[in-house]
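Sequence lines set the chain letters: A, B, ... in the order given, protein chains first and strands last, and positions in each chain run from 1.
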Amino acid sequence: MRKPYPFDRIEPKWQAAWEAARTFHVPNPGEPGFDPAQPKYYVLDMFPYPSGAGLHVGHPIGYIATDIIARFKRMRGFNVLHPMGWDAFGLPAEQYAIKTGQHPAITTARNVARFKKQLEIIGLGYDWQREINTTDPGYYKWTQWIFLQLYNAWFNPATNKAEPVSTYTGEDVDSVRLAYVSEAPVNWCPALGTVLANEEVIDGKSEVGGHPVERRPMRQWMLRITAYAQRLIDELDGLDWPESIQLLQRNWIGRSEGAEVHFPILSATQAEGSEELTSSGAMNWMRIGGTHVTVFTTRPDTLFGATYMVLAPEHKLVDAITTEEQWPAVRDYRERTARKSDLERTELSKEKTGVFTGAYAINPVNGERIPIWIADYVLLGYGTGAIMAVPAHDERDFEFAQKYALPIREVVSPEPRLSGGGTSPCDMPLLECFAGEGYAVNSAIIDGLPTAEAKVKITAWLEERGLGKKTINYKLRDWLFSRQRYWGEPFPIVWEHGKHRPLPENELPLTPPPLDDFKPTGTGEPPLAKATEWIRYSENATRETNTMPQWAGSCWYYLRYCDPGNAARFIGETAERYWMGGKPDVSASAESRTAAKTIVGSSGDPAGMANTIVGSSGDPAGTAKTIVDGPGDPAGTANTIVGSFADHAGTPKTSAGTPAEASRMRPGGVDLYVGGTEHAVLHLLYARFWHKVLFDLGHLSTPEPFQRLVNQGMMLGEDGQKMSKSRGNVVNPDDVIAEYGADAFRCYEMFMGPLEQMKPWSMTGVEGVSRFLARVWRLIMEEKQDGSWALSPGVQETEPDKAQLKVIHGTIKKVTGDIETLSFNTAISAMMVFVNAFTNAEVKPLSAMRTLLVLLNPFAPHLTEELWETLGGTSTIANQPWPSFDESYLVEDEIEIVLQINGKLRDKIVVRKDATKEQVEAAARDSAKIAEWTAGKEIKKVIVVPGKLVNIVVG
RNA sequence: GGCGGCGUAGUCCAACGGCAGAGACAGGCGACUUAAAAUCGCUCCAGUAUGGGUUCGAAUCCCAUCGCCGCCA
């Protein structure tokens with residue numbers, strides 16, 4: 001096929017030129033060529049796993065978006081950090097190794113090369129001097145080092161931050177370490193031969209491969225992320241993340257406020273004798289240390305309605321309390337439960353099942369004797385593994401009580417009213433479950449109180465008597481951090497006499513042993529156990545044989561990019577403070593730096609950790625004032641953020657066209673982070689957790705890793721279905737680029753629609769964008785008889801006329817604003833308008849063409865480089881300054897005003913742009929059509945919107 | 001079941017609460033051509049999922065319903 005313009009020649013040419021000139025390399029502070037006068041901008045893509053399948057057209061959307069931003073920011077005078085690397089440890093490579101016997105390092109290297117090539121032909125301007133790979137010993141040395149930081153730290157609740165274990169005064173340090181060993185039941189996947197984190201188990205199956213997963217107790221390394229639950233919620237506040245992602249994280253952490261309540265348990269004989277205990281009896285019971293079950297409830301106000309109790313079938317106490325008569329039924333039920341997954345157990349649609357244990361507990365608020373059941377709808381992992389059942393006010397308890405004829409007592413009423421409710425077993429199906437809030441009834445001490453007050457009062461009452469206390473519960477579990485794999489980071493830990501201890505730092509990196517057989521042992525013993533020599537650390541000590549999960553390397557990669565070659569530290573302090581600096585974002589462009597200087601701030605804190613920003617002269621709205629930390633707090637414990645943040649979308653613009661972003665505190669270091677929603681919870685939560693630990697321990701200067709997060713939407717196949725091999729609708733970028741060129745590919749991906757939105761691929765759509773680029777080409781080039789291209793004689797050094805100036809400056813304004821808000825589709829549309837406006841002009845002013853090329857450069861870098869060179873540009877266009885616009889070219893002397901009657905368009909008039917309200921209204925009344933519409937009617941009101949419209953309300 | 005997001009021409013998508021159209025695809029017509037492709041020009045096409053509400057004025061804000069998508073159960 002004949003090419004509309006010679007992209008096949010110019011694209012490789014410029015890719016080679018950028019590589020040779022290291023155009024997109026950015027030096028670090030202190031290195032030659034570093035310009036300290038320029039502000040930094042760190043724009044990051046989510047870390048790719050280089051799979052054997054290569055890229056499909058959905059993957060690069062985010063990469064193209066960040067590339068446009070990176071190129072744009074460079075032209076705006078920023079030092080732009082825009083790196084790429086490889087999250088190369090992981091299961092697929094290992095399983096391929098098992099199948100083929102080829103070492104995963106070999107296949108990984110091959111996949112990385114393929115991925116890199118695919119990214120290069122898209123023309124992405126990465127700083128490849130900073131390329132990193134998690135499987136590189138120079139990299140995972142520091143992953144292991146960070147693990148040791150976690151191992152050697154504990155979370156001090158008093159200071160609300162991590163501290164070295166040396167500050168821990170308790171007896172057993174091992175019980176508080178942020179990295180600890182646990183024997184708890186884990187998700188064991190026999191097919192994969194490894195344990196999985198809760199997050200890696202979907203619907204009872206492994207996320208990778210969809211294999212069945214079972215619960216099995218094993219010794220595992222855990223990370224104490226739960227210690228950070230509250231901070232992980234609170235510190236989302238200062239971030240520019242989509243509301244929906246923040247919500248996902250909050251829901252995942254799952255904070256709920258409620259109370260722990262202790263229920264004394266009677267043995268079978270005790271239960272015989274005592275029909276009812278009093279609540280003071282329960283107090284005594286607790287005081288003398290009698291057996292009891294603790295439950296967590298978010299509704300302590302319903303305690304009087306707790307008519308029975310349910311334990312998870314695996315609950316430790318079940319063995320102790322079950323009566324002889326009930327034992328066979330209980331044992332049988334437990335066996336059946338063990339075969340079910342958590343999902344099967346909790347699914348609401350399924351019928352509830354359970355068995356009575358024969359034992360009774362005492363409801364501490366009224367001394368009532370209530371039966372204890374076991375049921376699989378109660379999970380050991382949530383809360384305390386036991387619940388108080390309030391059938392009148394909880395759907396699941398209600399269902400259960402109906403099935404087993406247990407008493408249902410109403411204790412909350414939607415309307416305030418006098419007491420009066422049932423205590424008898426449920427044989428009245430008309431009773432409805434009410435789970436909402438209301439007013440307490442049948443609840444003695446809290447009768448009549450609205451739910452919120454009832455909760456407070458009953459909790460205080462329990463607390464006074466030692467029967468319970470206010471508690472905050474989190475759904476978040478500690479992070480299962482070990483895997484029985486070969487292709488992962490070995491733990492820097494050795495075992496001696498059953499005790500673990502860390503390797504000294506100077507023994508890092510700990511490299512995995514060479515191994516020929518990567519197969520799981522099948523026993524749960526990791527593959528590393530086969531390396532008998534390697535395991536042997538000393539006479540008495542052996543190495544830990546588990547490896548770290550894939551998440552480990554991706555938890556801190558964004559830090560390593562800042563200083564990838566540093567052999568002495570995981571990230572150099574200067575580089576960290578520059579690239580990850582949480583300074584206020586006062587300068588959206590280099591031009592506005594002068595304005596930025598007028599902002600009062602900079603505490604002069606040498607550690608660069610505390611900033612106090614007071615107001616900002618560059619903030620037209622005058623609303624954004626943020627205060628963070630105090631200078632006397634170098635470790636940054638007081639990282640609460642006070643004040644409001646300026647709306648990002650509402651960035652005001654000065655007449656010179658340089659956005660003066662409001663002064664704002666930025667707790668996060670990466671300025672823009674783009675990736676898919678699939679990492680909304682796990683990766684982003686884990687990375688934030690590690691970052692906070694490193695921050696607390698004084699290794700980092702900001703409390704959060706990612707300031708602004710954007711999720712790109714999924715790319716669907718041409719059939720509107722999810723792209724997948726099995727559907728056969730996968731489009732390969734290499735093919736698209738071969739046919740239409742990388743620039744067309746880039747522009748099309750951005751032109752399809754908003755970045756965040758899901759959208760279907762369309763080949764004809766690529767063609768349309770390709771036509772647009774060809775029009776740009778022919779604006780400047782002319783085809784000769786022999787088919788070669790030469791500079792068009794239409795391009796001349798003349799001044800654009802007034803109409804052209806309006807187009808030029810309007811386009812600069814639109815494109816600049818749209819790139820800032822990532823509205824790339826409308827930016828391209830604006831440039832199409834520009835091109836259409838000049839296509840038929842006999843003379844194309846050189847300056848206008850140059851402006852267009854600069855605006856288009858971030859989108860279509862190869863085409864614009866080539867044309868820039870043809871137009872006599874000396875240096876690469878990538879180094880050109882971004883054009884500014886002059887608002888005065890955009891205003892018209894006369895403007896059209898819309899005339900409405902009752903909000904409906906009836907006429908249009910033209911008035912001078914500086915016409916007063918009165919003049920506009922008078923002109924409107926002069927309109928013949930308006931006179932017609934208002935004839936004989938009463939004019940009730942006239943709304944005049946200056947420069948826009950006049951609306952006349954008639955009755 | 002709960003939470004969140006999205007429903008605008010045949011299609012992808014625009015539209016500070018103010019004339020529903022920036023742009024593109026597809027379609028139609030014309031110019032160029034022996035013809036076609038390419039190119040250039042012109043053009044058709046929706047009253048914004050549905051029903052209420054707020055407002056001088058609603059695609060936009062609020063409520064409900066339906067449909068699709070995501071997350072959690």
What integer number of Å spans the P atoms of B:G47 and B:A31?
33 Å

With a 4.0 Å cut-off on heavy atoms, is A:Leu949 in touch with a base, just the backbone sugar-phosphate, or nothing at all?
base

At 4.0 Å (heavy atoms only), tell me whether A:Ile943 reaches a base, stays on the sugar-phosphate, or touches nothing.
base

A:Thr839 backbone acceptor or donor facing A:Arg775 side chain under 3.5 Å
no

Nearest-Å distance for atom pair CE/C1', residues A:Met758 and B:C71
12 Å

Candidates B:A22, B:C72, B:C56 - which lies nearest the side chain of A:Trp252:
B:C72

Within this structure, what is the CZ-to-C1' distance between A:Arg477 and B:C72, rounded to whole angstrom?
15 Å

Residues A:Lys813, A:Glu887: salt bridge by 4.0 Å N-O rule
yes

So with a 6.0 Å cut-off around NZ of A:Lys403, is the heavy-atom count from everything else above 12?
yes

Could you tell me whether A:Lys908 contacts a base, only the sugar-phosphate backbone, or nothing, with contacts defined as non-hydrogen atoms closer than 4.0 Å?
base

Starting at atom CD of A:Glu783, determine the distance to atom P of B:A38, rounded to an integer number of angstrom.
15 Å

On a whole-Å scale, what distance lies between the P atoms belonging to B:C40 and B:A26?
13 Å

Give me the distance, rounded to whole Å, that separates B:G4 from B:G21 when you measure between the P atoms they each carry.
34 Å

Sidechain-backbone polar pair: A:His393 side chain, A:Thr302 backbone, donor-acceptor under 3.5 Å
no

What's the closest nucleotide to the side chain of A:Thr764 if the choices are B:G18, B:C25, B:C72?
B:C25

With the side chain of A:Thr826 defined as its heavy atoms from C-beta on, choose the nearest nucleotide among B:G57, B:A14, B:C19.
B:A14

When you measure from the side-chain N and O atoms of A:Asn825 to the phosphate of B:A14, is any distance below 4.0 Å, counting only OP1 and OP2?
yes

Sidechain-backbone polar pair: A:Arg396 side chain, A:Lys352 backbone, donor-acceptor under 3.5 Å:
no

Ignoring the backbone of A:Lys948, work out which of B:G18, B:G23, B:C19 is nearest its side chain.
B:G18

From B:G4, B:A24, B:C19, nucleotide with atom closest to A:Ser244 side chain:
B:G4

With a cut-off of less than 4.0 Å, is there a side-chain N or O of A:Gln757 near OP1 or OP2 of B:C13?
yes

Base, sugar-phosphate or nothing for A:Lys722? Non-hydrogen atoms, less than 4.0 Å.
nothing

A:Asn902 CG to B:C19 P: how many Å, rounded?
16 Å

Can you tell me if A:Gln249 uses its side chain to pair, donor with acceptor, with the backbone of A:Ala680 under 3.5 Å?
yes

Base B:G1 paired with A:Glu395 side chain (donor-acceptor, <3.5 Å):
no

Spacing of the P atoms in B:A37 and B:A49 (rounded, Å):
38 Å

Parallel, tilted or perpendicular, judged at 30° and 60°: which one describes the rings of A:His679 and A:Trp551?
perpendicular

B:A59 and B:G7, which share atom name C1', separated by this distance in whole Å:
11 Å

For a quick check of understanding: with a heavy-atom distance under 4.0 Å over all strands, which category does A:Val833 fall into, base, sugar-phosphate or nothing?
sugar-phosphate

Do the rings of A:His809 and A:Tyr889 sit parallel, tilted or perpendicular, given the 30° and 60° boundaries?
tilted

Looking at A:Lys941 and B:C56, is any side-chain donor or acceptor paired with a base atom of the opposite kind under 3.5 Å?
no

Ignoring hydrogens and geometry, is there a side-chain-to-backbone donor-acceptor pair from A:Gln246 to A:Trp241 under 3.5 Å?
yes

Under 4.0 angstrom between A:Lys759 side-chain N/O and B:C12 OP1 or OP2
no

Which letters describe nucleotides 39-48 of chain B, given B = protein heavy atom under 4.0 Å from base, S = only from sugar-phosphate, - = neither?
SSS-------

Which residue lies more 5' along RNA chain B, comparing A:Lys904 with A:Gly768 via nearest heavy atoms
A:Gly768

Can you check whether A:Met750's main-chain N or O pairs, donor with acceptor, with A:Asn825's side chain at less than 3.5 Å?
no

Nearest-angstrom distance from the residue atom CG of A:Asp818 to C1' of B:C16:
14 Å

Rounded P spacing from B:U60 to B:U48 in Å
9 Å

Do the side chains of A:Glu782 and A:Lys784 get close enough for a salt bridge, i.e. N-O under 4.0 angstrom?
no

Residue pair A:Leu905/A:Leu248 against RNA chain B: nearer the 5' end by closest nucleotide is A:Leu905

CG of A:Asn251 versus C1' of B:C3: gap in Å, rounded?
7 Å

In what stems does RNA chain B take part, counting only runs of at least 3 consecutive Watson-Crick or G-U pairs whose two distances fall under 3.5 Å?
B:1-7 with B:66-72, B:10-12 with B:23-25, B:27-31 with B:39-43, B:49-53 with B:61-65

Take the protein atom CG of A:Asn711 and the nucleotide atom C1' of B:C69, then report the distance between them rounded to whole Å.
14 Å

Residues that A:Phe706 engages under ring-ring contact (aromatic ring centres under 6.0 Å, His included), provided they are two or more places apart
A:Tyr558, A:Tyr673

Distance between P atoms of B:C19 and B:C25 (Å, rounded)
26 Å

Would you mind reading off the distance between A:Gln712 atom CD and B:G70 atom P, rounded to a whole angstrom?
16 Å

Answer syn or anti for B:G21, where the cut-off is 90° from 0 on the glycosidic torsion.
anti

Determine the interatomic distance between P on B:G57 and the same-named atom on B:G52; round to the nearest Å.
16 Å

